[in-house]
Amino acid sequence: MPPWIEFLQPTAFQVTLLWSALALLALMILLRQPSTLVLSTSETGRLEISRHALHRLVEACCEQLKGVASARATISRRRGKFETVIRLKIRPNAKLDAIQGYLTQEVGDIYRENLGIDAVGRIEIKVVGITPEATGF
């Protein structure tokens, strides 16, 4: 047999590795979170919100605070509850304890009152940077 044909014949290790990779890919596709969340369903239709819109809703709530320069939200569903991680860039004069208390309350209210979601899990707030005060004329 020519050497190039022998090269195309996979070994048992290569076949096992290929099948393992395909199984892992299939598992990741099956376990990924849906792109939209169904908020309510009735006989006339249903109401959905996209994951991106949900992230932006929480980020907009955070950015309304005076001491917050920017926010990034990540929302995941674990054990039937929505867990939220908010990464903030704050200004030097920000009061962290007040920001944490306010955002925990407001994000919980957004889930319960605006979206009708009662399964609110942990809300973690992480400060990842400090932005200088904006100077203007």
Side-chain angles (χ1 to χ4, degrees):
M1 230 188 293
W4 62 274
I5 292 179
E6 288 179 15
F7 176 73
L8 293 177
Q9 293 178 342
T11 64
F13 176 73
Q14 290 172 331
V15 171
T16 304
L17 187 64
L18 176 66
W19 280 108
S20 298
L22 289 174
L24 181 63
L25 180 64
L27 186 65
M28 288 176 61
I29 289 172
L30 290 174
L31 293 179
R32 72 181 174 91
Q33 294 183 351
S35 61
T36 61
L37 171 67
V38 178
L39 298 176
S40 67
T41 303
S42 67
E43 56 206 36
T44 59
R46 67 185 195 180
L47 176 61
E48 295 182 358
I49 187 169
S50 71
R51 290 174 45 125
H52 179 72
L54 187 58
H55 292 182
R56 287 299 305 145
L57 180 64
V58 172
E59 291 167 6
C61 173
C62 297
E63 290 172 355
Q64 291 177 357
L65 291 174
K66 186 177 181 181
V68 176
S70 66
R72 275 284 174 236
T74 305
I75 301 165
S76 61
R77 198 172 195 171
R78 290 205 174 94
R79 297 183 185 115
K81 293 189 175 191
F82 289 91
E83 295 191 0
T84 307
V85 177
I86 303 171
R87 291 173 178 78
L88 300 176
K89 286 189 179 179
I90 60 169
R91 295 196 172 87
N93 60 350
K95 307 275 190 249
L96 292 179
D97 56 340
I99 289 174
Q100 189 266 339
Y102 176 80
L103 288 180
T104 301
Q105 180 67 36
E106 283 298 309
V107 171
D109 288 346
I110 286 173
Y111 286 137
R112 285 186 282 285
E113 295 173 13
N114 295 9
L115 303 175
I117 299 171
D118 291 326
V120 179
R122 293 179 48 126
I123 300 172
E124 289 185 24
I125 299 171
K126 298 179 179 180
V127 176
V128 296
I130 298 176
T131 304
E133 284 291 329
T135 58
F137 290 90

Next item on the list: Identify whether the distance between the nearest side-chain nitrogen and carboxylate oxygen of Arg122 and Glu83 falls below 4.0 Å.
Entry: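 Looking at Glu83 together with Arg122, the answer is no, because their closest N to O distance does not fall below 4.0 Å.
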For residues [X] and [Y]: do they belong to one hydrophobic cluster (side chain heavy atoms under 4.5 Å, members Ile, Leu, Val, Met, Phe, Trp, Tyr)?
X: Leu96; Y: Val107; result: yes
X: Ile117; Y: Leu47; result: yes
X: Leu24; Y: Ile29; result: no

Reported [atom1]-to-[atom2] distance for the pair [X] and [Y], which is rounded to 0.5 angstrom:
X: Ile110; Y: Cys61; atom1: CD1; atom2: SG; answer: 4.0 Å
X: Thr74; Y: Glu59; atom1: OG1; atom2: CD; answer: 8.0 Å
X: Tyr111; Y: Thr84; atom1: OH; atom2: OG1; answer: 2.5 Å

With heavy-atom distances below 4.5 Å as the criterion, would you say the side chains of [X] and [Y] are in contact?
X: Arg112; Y: Asp118; answer: yes
X: Ile123; Y: Val85; answer: no
X: Leu17; Y: Gln14; answer: no

Over all heavy atoms of both residues, which pair between [X] and [Y] is shortest? Give the atoms and the distance, please.
X: Thr131; Y: Pro92; answer: O-CD, 3.1 Å
X: Cys62; Y: Ala71; answer: CB-CB, 3.6 Å
X: Ile75; Y: His55; answer: N-NE2, 3.3 Å

Using modelled atom types only, decide if a donor and an acceptor are shared between the side chain of [X] and the backbone of [Y] within a distance under 3.5 Å.
X: Glu63; Y: Ser70; result: no
X: Arg91; Y: Val68; result: yes
X: Arg87; Y: Ile125; result: no

Notebook entry, point to check: Counting only heavy atoms not in Arg51, do more than 12 sit closer than 6.0 Å to its CZ atom?
Noted result: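 For Arg51, atom CZ is crowded (more than 12 foreign heavy atoms under 6.0 Å).
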Margin query: Exactly one of Ile86, Ile99, Ile90 should register a side-chain contact (heavy atoms from CB on, under 4.5 Å) with Val127. Which one does?
Written below: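 Checked Ile86, Ile99, Ile90 against Val127; only one passes side-chain contact (heavy atoms from CB on, under 4.5 Å): Ile90.
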